[in-house]
Amino acid sequence: ELKVEQNPLFLSMQEGKNYTIYCNYSTTSDRLYWYRQDPGKSLESLFVLLSNGAVKQEGRLMASLDTKARLSTLHITAAVHDLSATYFCAVEGPSSGAGSYQLTFGKGTKLSVIP
Amino acid sequence: DGGITQSPKYLFRKEGQNVTLSCEQNLNHDAMYWYRQDPGQGLRLIYYSQIVNDFQKGDIAEGYSVSREKKESFPLTVTSAQKNPTAFYLCASSRRGDRRNKNIQYFGAGTRLSVL
């Protein structure tokens, strides 16, 4: 059974600081997704990482994937208040349906950026 | 506008009642999914469907039922057998849940279900 663990689960940081969110998973996978969720809202796709060593950047966020370590990181550079949200990683793995691959989500990291 | 529409936004269920949550997509996606989100938790998969007239149980299917009669629609029924239905329910769709594609799932705005 695929398990996905994120840490930290809660993160309070000051504007302008840097920090990293970690996503570990338990079984082999080479596809990982990062999503953002604002309070009471839906999930928005941020990054798709499709191979070992993949790195994607968008603004102040950078995501990377190390499939050998079964680890993805989401790095926040010079945080701003608008980045306050909950961030989820999701790992793609085989499910019980033949030929079917589903996402298993971590519990999410709730990020609060304090002015 | 292409997207996923969930309705209603808020829903209240009485004891012993079945309720149905609607999910419609106009993205021409083959695969559709239902997730449940509890406070402080990640998303847990209830049911998914890769093609019309076919669906599979996810991790927490007990007390729920679905149908997929049309490509665009994947309604979820929360039955009276689901003893703890209070949660935020999210519907998603993707091109297809297999290895040929990037399976980015696009989500609807969600339905918040509460028990009266």
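In this text, all values refer to a predicted model and were calculated from it rather than measured experimentally. Below, chain A is the first sequence line, B the second, and so on; all start at residue 1.
B/L43 is not connected to B/Y64 by any chain of hydrophobic side-chain contacts under 4.5 Å among Ile, Leu, Val, Met, Phe, Trp and Tyr, and they are in different clusters. Under the 4.5 Å side-chain contact rule for hydrophobic residues, B/Y33 and B/I104 share a cluster. At a threshold of 4.5 Å between side-chain heavy atoms, the hydrophobic network of Ile, Leu, Val, Met, Phe, Trp and Tyr places B/I46 and B/F74 in one connected group. Both A/L49 and A/L2 belong to a common hydrophobic cluster when Ile, Leu, Val, Met, Phe, Trp and Tyr are linked at side-chain heavy-atom distances under 4.5 angstrom. Hydrophobic clustering (side-chain heavy atoms under 4.5 Å, transitive across Ile, Leu, Val, Met, Phe, Trp, Tyr) groups A/V4 together with A/L11.
Residues of residues 104-115 of chain A that come within less than 4.5 angstrom of chain B, heavy atom to heavy atom, are A/F105, A/G106, A/K107 in numerical order. Within residues 56-89 of chain A, the residues having any heavy atom less than 4.5 Å from a heavy atom of chain B are, in residue-number order, A/F88.
Listed by chain and number, the residues in a ring-ring contact (aromatic ring centres under 6.0 Å, His included) with A/F47 amount to none (sequence neighbours excluded). Here A/Y25 pairs with nothing under the ring-ring contact (aromatic ring centres under 6.0 Å, His included) rule; sequence neighbours left out.
Contacts between A/Y35 and chain B at a heavy-atom distance below 4.5 Å involve the side chain alone, from C-beta outward. Proximity to chain B (any heavy atom under 4.5 Å) is shown, for A/L43, by both the backbone and the side chain. With a threshold of 4.5 angstrom between heavy atoms, A/E44 does not approach chain B through any atom at all. Looking at A/L103, both its backbone and its side chain come within 4.5 Å of chain B, counting heavy atoms on both sides.
Scanning both residues, B/A109 and A/S42, for their nearest heavy atoms gives CA-CB, 3.8 Å. Among all heavy-atom pairs drawn from A/K41 and B/F88, the shortest one is O-CE2, 3.7 Å.
Applying the 6.0 Å contact sphere to OH of A/Y22 captures no more than 12 heavy atoms from other residues, nucleotides or ligands. Shown here is A/E5, whose CD atom has no more than 12 heavy atoms of other residues, nucleotides or ligands within 6.0 Å. Applying the 6.0 Å contact sphere to OH of B/Y47 captures more than 12 heavy atoms from other residues, nucleotides or ligands.
Of the listed residues B/R44, B/Q6, B/Q105, the one with more heavy-atom pairs under 4.5 angstrom with chain A than any other is B/Q105.
B/Q56 and A/Q102 share no side-chain donor-acceptor pair at under 3.5 Å.
Rounding to the nearest 0.5 Å places OG of A/S45 at 9.0 Å from CZ of B/F107.
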